Every structure is written in structure tokens, then in C-alpha cells.
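Structure first, then comments.
Small disclaimer: the values here were computed from a predicted structure and weren't measured. Proteins get letters first, then strands, A, B, ... in listed order; numbering begins at 1 in each.
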2 protein chains.
Amino acid sequence: MSALPKAGRVIDRKSGVAVWRQIADELRAAINGGEFGGEGKLPGEMALAERFGVNRHTVRAAIAALASEGVVEASPGRGTRIIRNMRLKVPISRRTRFSSGLSDQATRLEMSFVSSTLAPAATDVCEALNLENGSTCLVLETVSLVDGIPVSVGRHHFPTPRFGEIDLHFRRERSITKAFRACGVEDYVRASTEITARHADEDERRWLKLAPGAIVLETLAVNNDLQGNAIQFSKTRFASDRVSLRVGFEG
Amino acid sequence: MSALPKAGRVIDRKSGVAVWRQIADELRAAINGGEFGGEGKLPGEMALAERFGVNRHTVRAAIAALASEGVVEASPGRGTRIIRNMRLKVPISRRTRFSSGLSDQATRLEMSFVSSTLAPAATDVCEALNLENGSTCLVLETVSLVDGIPVSVGRHHFPTPRFGEIDLHFRRERSITKAFRACGVEDYVRASTEITARHADEDERRWLKLAPGAIVLETLAVNNDLQGNAIQFSKTRFASDRVSLRVGFEG
DNA sequence: TTCCTTTGTCTATTTATATAGACATTTAAA
DNA sequence: TTTAAATGTCTATATAAATAGACAAAGGAA
């Protein structure tokens, strides 16, 4: 829609967002978009300052933020190298489990246990799971790491008494699919998923090691067993600059 | 995960995001989450200042930002009323068209024409549509309005020569489904969708009337005709605080 | 080596953000 | 009408962000 080439200044100075942070976000997006992929390093600070129409020191602040995220590494004389530039494609389809669709994109996949609680579920959870209002659910909280980098935090609700001890199985197996199997559920399918985006809150920033102001993609999903009973309600929040959600309808 | 009640201060002062903007985003999220739904108005400025641990003037800056977005309206003596608090649920399923899944949530649905262009398509578009690299596509740009509020901007690619004049049909019908029908496509299905989130750029802010720093949900979708030929590649960007994407697998 | 480029560090100045307090204005309720 | 509670508007001050310039230090290439 814009007639200008992308060299123009895309900085908004009345937004309540510091210029260095806007530049850091632009650069992160450009890196993830592969703009500097060939060389593997950023243009010089002076060149970036000219490109964004700001002072060199402002660019330095942006680069410092990216360096503290582990995205780039600067060294005098050599320039600023790009460390991480891939965005994981997370499949969202009728039958995808966490690990199966990712194994070709990463070498090390973990789903770690954070906590588990037995508590009455909120109204929306009960509705999603077709439970009577106030029913007790087992709530399991997890963090998923890909090659050691946290990509998502999940809060999973399971109806009791059927899955009242699924957390024990999960802690042993580190897999929800296997934990289900240990509870007698051979297979399950995704019934629905709702996706929103917003700024990460304090807890999400801590678990996902996100910079303040970062964005999370939140998915609300319901899984059914093969008899059509709702067996899991999950709220998963992905670090949006590390993933893209890939929705497929083939399965 | 946090043990504190939500009254605690969630403001990050080294984030590069102004405190008033953080508060505005928190309040918008709280409004959309229905926290003040019962009364239909915000707590007083002093109460909010105490809740966030900031000065009253900082809260005022946040409320001014929300007022300019049309989310709230303040008047002396009466307080700050909430104007808009609903988040549209946009269905993403195998067979959903823009208007069909939304008609029960809004009274007025429009899809307006912005521009159309005939041009060689980029590599990723050609791949998605199974075209030879550099093939010419018809590019249609649209804005979708729900009850007069813009919720998404779309850029749709159609292969030529088959759909070289679909823009004319769209301008007459204001519906992609009907425009397809005029081109001899009786029905079509969603083949894949990829979803990401990021900050809105200048053009998106203008078309969607978004505040600086706002978030958009971006979907990349491919539609096939019933013979399995890719006939449409669409990039749609939704104002994230006005919608949630509802993925369903029933159809 | 020498030269040039690149990042790192310092000082200084200007502008934007945030806090603090005082007081006016509007509205609804006692 | 009186009172209380709410937003609106001003002044003043402290802190953070951004700009500007100068020079040091490290790395790569001729």
C-alpha cells in the first residue's frame, strides 16, 4: 500500500514506545524474515542509524537489547553477528501432538513439568469440557523447550476423577500423549482451537525469557477422545517471535 | 503461577515502553476480559493509580490513549465509561467464508475494495499457489468492517489468466465467494493457514485505525477449488484487540 | 606494518516521560 | 441546595530517552 521503498523511517515518536525498542523489534523481525541471512551479520551502526533516521546511539541501544536476548552479538572491528534467526513452525492440525511435527526442525525437544494442582475449574473451562459448573479438574502447567530455548508455556485442564493422576504419568514420561495412554486413552483429536495475541505478562516473560513488551500467541484448545468426550482443555502461550502457528486441515 | 493477587504492580520501568502505554494495554486487556463488565465503567483515576502504583497523571495519559482509540469515554463527575468491550470471534475452518460465521455476532458486515493490481508474484506466493516463479497474479486488497469498525486488511493473490478479472466481480459483489462463483468456481476449501503476531506497521495502523504499538494477527492462507487446485493466497491482518481467531476442525 | 572500518566509551545538551501538588469544573446523590 | 466524588487544567520538578560530537580500542585487509 505504501509507495515508498522500505528505506523510509518507520519510527513512531508519539507511541509511548521508546525509539530504541521500536528499532529492536524491527531488526528482530528483519532477522527472522531472513533479510540479513546471506551475510549473517547486521549492517554497521551508522548505516542502521541512517536507515531508521535516528542517532547512532539509539541504534546501539536497540542492538544492546537484541544482544541481551541472545539474538545478536557485537564485537569491535568485526561488526554485529546474527546468532539466532529461525522461527519455529508449530503445526496446529486435527491430530498433531507437540513433538511429532517439530522433530525435523530441531534436534532437542523437551516438555518440562512446572506444577500440578487439583482445583475447581472456572466456568469457561467447565463449558469447554462439558462439565458441571465447579467440577474439579487436574491443572498441569508445562514449559516447552526447543534446543534449550523456551517457546511456550501451557496450562492444561483434565477432568477428574478420570485423569486425576495424569500429572504423575506426565512427570515420568514428559509427554501428554504418553500420559494419556497410561490413563487408557489410546488416541485423541483436536476439537477446536482459538487463537489470540497480546503482550506477555510478567509470568510469561519470566518463563519464556522474553523482553518486556514482547508478544505472545495464545491458543485455547479442546481435545476429544475417539468417543467424542472432551478430555483436555489447554491454554498455551507461544513466544511470538520464535514461532509461527501452521494450521492444516489435511489430517 | 504468581502467588500475589492481581492488585500488584505489573509495570516494567526498564522495558522501553512508557508506563502510560503499559497501563493502557493492561486496561484494554482487562476490559476485553470483562473485568469491569458489570458496571460498564472504569474505577476512578485515583483508584487505578493506586492499583498500578503510579501517579494519577500517568493513569490519565493511559485513559487518554484508550479514549482516542474509542475504547472508553471520560466525563467529569461521571467517571470513565466503557464503550466497546467485545472481541469478535473469527472462525478459521475448512469451509468458512468471511461473512458466514460472523452474522450472529454483528449486524453489519462489509468487505470493501481498496485496490487491485496485476503484477508478477513473489516467490513464496508462487510456491503456495503452485505457479512457475514470476507468474502474474491479480492482487486484490480489501478492508473488512464489522458494524463500521475495521477489523482486518487483506491482500489476496489470484492466479491469471483464470482469475485475471475477479477484481471486477468483487467490486460489484463485495464478496470473494460470489466473485469466485462469477469466475466459475462453485465452491472452495481452505488448504492451509499460518498464523503469526507482530506489531502493526504504518499502513495497517492507518487502515485499521489502530493506536501506535498495537498488535495484529496475520494469517497466510491458501484456498483450493474442489479439484485441489490452489486458487487463492491471502495475507490477512486482524486488529488483535478486536478479534480472536477460532480454529475448528468439524467441517 | 599501516590504513580503514567497526564497535566501545565518555561528556554535554535537548526533549519526552513521570511525579507532585493545587485548584477548577462537572455530575450525581444526600 | 449542599456535599462528595469524579475528571480537567494548570505549574513545577526529577528522571529517562534521544541527539550530538569526540576519541579510544579492536579487527581485517592492503
Whole angstroms only, please: what is the [atom1]-[atom2] distance between [X] and [N]?
{"X": "B/Lys41", "N": "D/dT7", "atom1": "NZ", "atom2": "C1'", "value": "11 Å"}
{"X": "A/Met46", "N": "C/dC4", "atom1": "CE", "atom2": "C1'", "value": "14 Å"}
{"X": "B/Ile23", "N": "C/dT17", "atom1": "CD1", "atom2": "C1'", "value": "12 Å"}
{"X": "B/Gln22", "N": "C/dT17", "atom1": "CD", "atom2": "C1'", "value": "12 Å"}
{"X": "A/Ile63", "N": "C/dT9", "atom1": "CD1", "atom2": "P", "value": "14 Å"}
{"X": "B/Arg21", "N": "C/dA18", "atom1": "CZ", "atom2": "P", "value": "11 Å"}
{"X": "A/Arg60", "N": "D/dG21", "atom1": "CZ", "atom2": "C1'", "value": "14 Å"}
{"X": "A/Glu73", "N": "D/dA26", "atom1": "CD", "atom2": "P", "value": "16 Å"}

| request: May I ask you to verify if any side-chain N or O of B/Thr80 is less than 4.0 angstrom from the OP1 or OP2 atom of D/dT7? | output: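 So the side-chain polar atoms of B/Thr80 do come within 4.0 Å of the phosphate oxygens OP1 or OP2 of D/dT7, strictly under.
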
| message | With side-chain contact (heavy atoms from CB on, under 4.5 Å) as the criterion, how do B/Leu131 and B/Cys137 come out once you've worked through the C-alpha distance, each side chain's angles and the decisive distance to 0.1 Å? | response | CA-CA 10 Å; B/Leu131 298 175; B/Cys137 279; 3.8 Å; yes

Compile the donor-acceptor pairs under 3.5 Å between side chains in residues 119-127 of chain B and protein atoms, sequence neighbours left out, one pair per line.
none

| field | Axial bend angle, the helix from C/dT1-D/dA30 to C/dA30-D/dT1: five-pair end segments, nearest 10° | value |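 Angle reported: 30°, given to the nearest ten degrees.
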
For the side chain of [X] and the backbone of [Y], is there at least one donor-acceptor N/O pair under 3.5 Å apart?
{"X": "B/Glu204", "Y": "B/Asp201", "result": "yes"}
{"X": "A/Glu73", "Y": "A/Ile83", "result": "no"}
{"X": "A/Gln22", "Y": "A/Val17", "result": "yes"}
{"X": "A/Arg242", "Y": "A/Pro150", "result": "yes"}

| query | Thinking salt bridges, do B/Glu26 and B/Arg51 make one under a 4.0 Å N-O criterion? | reply |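 Answer for the salt bridge query: no.
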
Between the protein and nucleotides 22-26 of chain C, list every N/O to N/O distance that falls short of 3.5 Å.
unit_1: C/dT26; atom_1: O2; unit_2: B/Gly77; atom_2: N; d: 3.3

| A/Asn55 side chain, from C-beta outward: closest of C/dT17, D/dA20, D/dG8 |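 Side chain of A/Asn55 sits closest to D/dA20.
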
| query | Nearest to the side chain of A/Trp20, which nucleotide is it out of C/dA18, D/dT19, D/dA18? | reply |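 Nearest to the side-chain atoms of A/Trp20, counting from C-beta on, is D/dA18.
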
| query | Which atom pair, heavy atoms only, marks the closest approach of A/Ile23 to A/Ala62? | reply |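 The pair with the smallest heavy-atom distance is CG2-CB, 3.7 Å.
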
| task | Please name the pair of heavy atoms, one in B/Lys235 and one in B/Arg237, separated by the smallest distance, quoted to 0.1 Å. | result |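 Nearest pair, atom of B/Lys235 first, then B/Arg237: O-NH2, 3.8 Å.
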
